[in-house]
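Report on the following structure.
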Amino acid sequence: MYKKSIIICGQAGQGIQTVCFILAKAIARSGYYVFAWQDFQSRIRGGESSSRLILSDEPVRSLPGEYDILASLNKTNTEMYLPLLKKDGIALAENETDKKFLSIPFQKFAMDIGENKIYTNAAAIGSIWGIVGLPIEKIEEVLKNEFTKKSENVANKNIAVAKYSYDWVQKNCSSCVQKIKIINDKPKMVMTGNEAISLGAIAADCRFMAAYPMTPSTGIITYLSETAHETGILTEQAEDEIASINMAIGASYAGVRSFTATSGGGFSLMVEGLALAAMTETPLVVVLGQRPGPATGLPTRTEQAELNFALNAAHGEFPRFIFAPSNPVEAFNLIIKAFELSQKYRVPAIVLTDQYLADSYWTVDDFDVNNIKINDYFTKPEEIKGEFKKYALTDDGISPRLKPGESEHLVVDDSDEHDQYGHITESSIIRKLMVEKRWKKYCLMVDEMRVIVPNDINESDVVLVSWGSNYGVTLKSAEILTSKGIKTVIINYSEIWPLKVPAVLLNRGRKFKIIVIENNFNGQFANLLEKEGVKIDNKILKYNGMPFTEDEITILISEKYGKR
Amino acid sequence: MGNAEDFKNNVSSAWCPGCSNFGILSALRNTFVKLNLRQQDIVITSGIGQAAKLPHYLNCNVFNGLHGRILPVATAIKAVNPKLTVISVSGDGDIYGEGGNHLLHAFRRNPDITVLVHNNGVYALTKGQASPTTELGVKTKLQFDGVKEEPMNPLVLAIAMNCSFVARGFAGDLDFLSDIIVAGIIHRGFALIDIIQPCLTFGVHQVPWYKDKIYRLTKDYNPNDKEAALKKAAEDGDKIATGIFYVNNKPTFPDITVNLAQKPVIEKDVLKKLLKTFE
């Protein structure tokens with residue numbers, strides 16, 4: 001396996017994300033896998049930001065503890081990130097006299113070749129690419145694609161500066177350049193989790209999306225608005241999250257698939273709307289991009305502390321679905337599943353993401369577009385015999401559904417408790433029947449959930465249980481631990497609620513240890529499993545706003561369970 | 001032509017006997033007849049409060065949502081299916097208090113919906129607290145020293161924010177009210193119709209008190225003149241004007257007029273084309 005890890009650091013406003021994006025695209029176009037996580041502050045200029053980029057010939061979804069290459073675009077940031085560099089790693093920095101650096105005059109190259117310091121980033125891109133050792137043509141291709149939209153001149157200057165820097169590095173530091181070949185493969189896609197969710201929504205035939213910008217979910221409405229002319233999806237930036245969810249509910253009532261996306265703070269404002277969707281049995285998907293709370297918390301960092309919130313959000317009792325995709329392919333597939341199931345059962349579906357999934361760049365081989373099946377869960381007006389009852393009591397709790405205005409049948413919805421026609425009632429007899437009607441769906445909903453259990457679970461020493469975006473780091477940790485002699489397998493939950501617990505986890509005679517990995521303080525998912533009777537042997541929890549790295553999980557487990 | 005009876009149903013009313021809401025309800029039924037609308041063409045939406053129960057007493061499509069939150073719902077219904085006539089029925093507490101932010105942004109967004117605000121200057125359903133439009137000094141069970149916050153003037157606010165259609169009606173002048181509602185529904189854009197609706201049980205003033213003060217704006221009043229409209233809406237004397245105060249034709253939300261609910265499924269080719277851009 002071939003792997004190179006890179007940190008690009010600097011200040012907000014210096015265009016680190018652009019450097020990272022161009023490199024990620026060029027890596028994917030060279031046939032390699034790439035993963036890039038953004039470590040940014042909630043500010044527009046200054047401070048300390050970094051992008052972490054991993055290139056490999058195998059799929060990559062997690063971050064190492066140490067890096068091969070450090071590229072600093074700002075002197076004040078360098079010291080902070082140096083401890084993350086491997087002992088034999090290479091540090092590129094602008095005008096450094098210290099011998100531990102390869103000093104590269106990024107800005108001078110920008111001025112000399114591009115005649116403007118805005119091309120400093122192109123110098124950084126070219127220099128890093130020189131050390132990565134892939135042919136410069138791929139960078140040229142990507143720069144051309146990305147910048148020709150602005151102007152041909154800008155694209156050409158970017159290319160010239162990048163090429164000059166690339167040649168300079170290869171000439172002046174031949175010892176740090178390790179040339180590698182392009183892998184001729186089907187082109188891979190590079191996208192964020194947010195973009196995968198947006199594409200999934202398009203695939204799911206969503207027609208309406210309203211949201212209020214909030215990190216880390218803003219990318220969803222941005223992408224859907226950008227592509228609205230091609231897809232015909234109507235997007236609207238609402239005045240607040242309350243309006244967002246109520247608009248999504250209105251659109252759903254009117255007969256289209258709709259959703260909203262936010263983060264914990266915005267979801268707090270949405271919960272009354274969630275109850276409205278539940279009470280009116282209006283299909284609704286909500287994407288909840290988790291970030292460290294409470295309140296404003298750490299706006300741009302990552303955490304998995306909204307599971308309990310998603311499970312319990314809103315007053316009253318009602319069934320709901322909760323998904324937590326681990327990567328873009330799952331995000332694409334599970335948002336489609338969320339739309340389908342929400343339509344089928346007329347309950348809200350919440351899709352939990354986090355900054356790690358939402359804003360990272362991931363490589364995607366392909367989506368299975370041809371096998372997407374979208375069902376029409378509306379009832380045909382001509383199939384309604386007699387009067388239409390929006391909340392007809394049925395064996396499975398699912399009533400017929402019509403679009404208002406489509407036929408002479410009238411569609412009546414109410415947030416109050418209502419009778420079968422949808423009109424207000426205070427009858428305790430009807431109330432009881434309606435509560436039971438809403439909950440009847442739950443038993444069927446459980447059967448829709450999938451959990452993958454490894455075949456060799458009973459031969460393992462350790463089972464790592466994770467959920468959502470920790471899949472990548474858990475998988476990698478299991479690989480490392482197994483290679484160290486601790487046979488480790490994983491169960492990653494991405495279909496969370498209704499909770500399905502594999503019998504093997506409940507087996508009291510089991511030989512393996514169950515360790516749950518989570519980005520929160522309390523071990524919210526572990527507690528959920530314990531409530532269902534699973535005995536958890538250990539929890540590894542991280543709640544400082546940063547994602548897990550491969551080494552920290554493996555070190556902890558090796559120390560405790562390794563053969564001495 | 002239809003008949004007002006077509007819009008009646010057998011849902012029993014939770015309003016106080018003799019409530020002026022009944023008059024507004026019958027004016028609305030007559031409006032639908034005048035406009036030759038069918039039951040299925042109308043979606044009548046509401047939030048919470050006594051006024052918000054009105055949709056249940058009409059034979060139409062209904063969405064009765066949350067307190068203060070009906071404008072976003074109504075906006076999206078109209079956006080998805082522009083063929084529907086979308087009306088929101090609200091009260092002063094619901095739309096000027098709880099849902100105030102949505103009202104401000106509805107002025108800006110300008111969805112083609114009509115909003116009727118049953119303005120009685122009191123929170124009646126919660127048994128008599130002050131509302132955003134209760135007059136200064138009025139004593140209530142909760143504001144026992146008298147209301148200290150200045151009442152808001154929704155018409156001035158709406159005109160100042162270039163609301164597309166601004167009117168005031170009176171629950172004691174139903175023919176004129178019906179004409180105003182007809183004009184509001186026909187008007188393309190966001191129509192705010194504030195209706196003085198005296199509350200029998202908790203109201204400070206009753207219908208006869210208003211009858212002496214209320215007058216109709218006449219034909220020589222020009223609703224396209226914003227300055228004059230602001231002045232008229234800000235009048236604070238013995239007389240209370242009713243009628244169409246301000247009309248401002250401007251683009252509506254959204255700027256498309258397709259029925260999204262009837263549109264064929266998004267083509268897989270569109271998706272495949274978008275995926276290509278990620279390579």
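All values reported here derive from a predicted model rather than from experimental measurement. Chain letters run A, B, ... following the sequence lines, proteins first and then strands; every chain starts at 1.
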Considering only heavy atoms, which portion of [X] lies under 4.5 Å from any heavy atom of chain A: side chain, backbone, both, or neither?
X      : result
B:V265 : both
B:P111 : neither
B:I48  : side chain

Can you tell which part of [X] gets under 4.5 Å to a heavy atom of chain B, answering side chain, backbone, both or neither?
X      : answer
A:N145 : neither
A:S244 : neither
A:A28  : neither
A:F388 : neither
A:H409 : backbone
A:E141 : neither
A:I372 : both
A:R207 : both

Ring centres under 6.0 angstrom apart (A:F332, B:F278):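 Centroid separation for A:F332 and B:F278: 6.0 Å or greater.
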Test item: [X] and [Y] side chains (from C-beta on) under 4.5 Å apart, heavy atoms:
X      : Y      : answer
B:L271 : A:L199 : yes
A:I245 : B:R69  : no
A:D414 : B:P55  : no

Contact winner vs chain A - [options], heavy-atom pairs under 4.5 Å:
options                       : result
B:K272, B:K273, B:H56, B:H105 : B:H56
B:N59, B:I256, B:D41, B:N9    : B:N59
B:L104, B:L66, B:I70, B:V258  : B:L66

Nearest heavy-atom pair of [X] and [Y]: which atoms, and what distance?
X      : Y      : result
A:G250 : B:I77  : O-CG1, 3.4 Å
A:S415 : B:G65  : OG-O, 2.8 Å
B:L275 : A:F367 : CD2-CD1, 3.5 Å
B:A261 : A:A254 : CB-O, 3.6 Å
B:P72  : A:A243 : CB-O, 3.5 Å
A:L234 : B:A79  : CD2-CB, 3.7 Å

Report the option among [options] that has the most heavy-atom pairs separated by less than 4.5 Å from atoms of chain B.
options                : result
A:S407, A:S258, A:G255 : A:S407
A:R29, A:K25, A:M279   : A:K25
A:G405, A:A275, A:G422 : A:G405
A:D240, A:V364, A:V142 : A:D240

Separation of [Y] [atom2] from [X] [atom1] (nearest 0.5 Å):
X      : Y      : atom1 : atom2 : value
B:F63  : A:N246 : CZ    : CG    : 7.5 Å
A:I202 : B:L274 : CD1   : CG    : 5.0 Å
A:T280 : B:N64  : OG1   : CG    : 10.5 Å
B:N10  : A:Y421 : CG    : OH    : 8.5 Å
B:Q39  : A:L410 : CD    : CG    : 5.5 Å
B:T277 : A:M191 : OG1   : CE    : 7.5 Å

NZ/NE/NH1/NH2 to OD/OE distance under 4.0 Å, B:R108 and A:E239: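 Judged by the 4.0 Å cut-off on N to carboxylate O distance, B:R108 and A:E239 do not form a salt bridge.
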Carboxylate-amine/guanidinium proximity below 4.0 Å for A:E408 and B:R38: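 No.
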Side chains of A:K403 and B:N61, donor plus acceptor under 3.5 Å: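 Checked: A:K403/B:N61 side chains show no N/O donor-acceptor pair below 3.5 Å.
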B:I266/A:I233 under side chain to side chain contact (heavy atoms under 4.5 Å, CB included): CA gap, chis, key distance, verdict: CA-CA 9 Å; B:I266 300 171; A:I233 293 179; 4.1 Å; yes
Of all pairs that satisfy salt bridge (charged side-chain N to carboxylate O under 4.0 Å, His left out), the ones with a partner from residues 249-271 of chain B, not counting sequence neighbours: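 For residues 249-271 of chain B: none.
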Residue A:E382 excluded, over 12 heavy atoms near CD under 6.0 Å: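 Yes.
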CZ/A:F35: more than 12 non-hydrogen atoms of other groups inside 6.0 Å: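 Atom CZ in A:F35 is crowded, with more than 12 foreign heavy atoms closer than 6.0 Å.
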Flag, side chain of A:Y253 to backbone of B:V62, donor-acceptor distance under 3.5 Å: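 Side chain of A:Y253 to backbone of B:V62: a pair is present.
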Main-chain N/O of B:E279 paired with A:K188 side-chain donor or acceptor, under 3.5 Å: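 Flag not set: sc A:K188 to bb B:E279 has no pair under 3.5 Å.
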Residue pairs involving residues 70-86 of chain B (criterion side-chain hydrogen bond (donor to acceptor under 3.5 Å, both in side chains); sequence neighbours excluded):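 Every side-chain hydrogen bond (donor to acceptor under 3.5 Å, both in side chains) pair that includes a residue of residues 70-86 of chain B, provided the two are not neighbours, is B:N81-B:N259.
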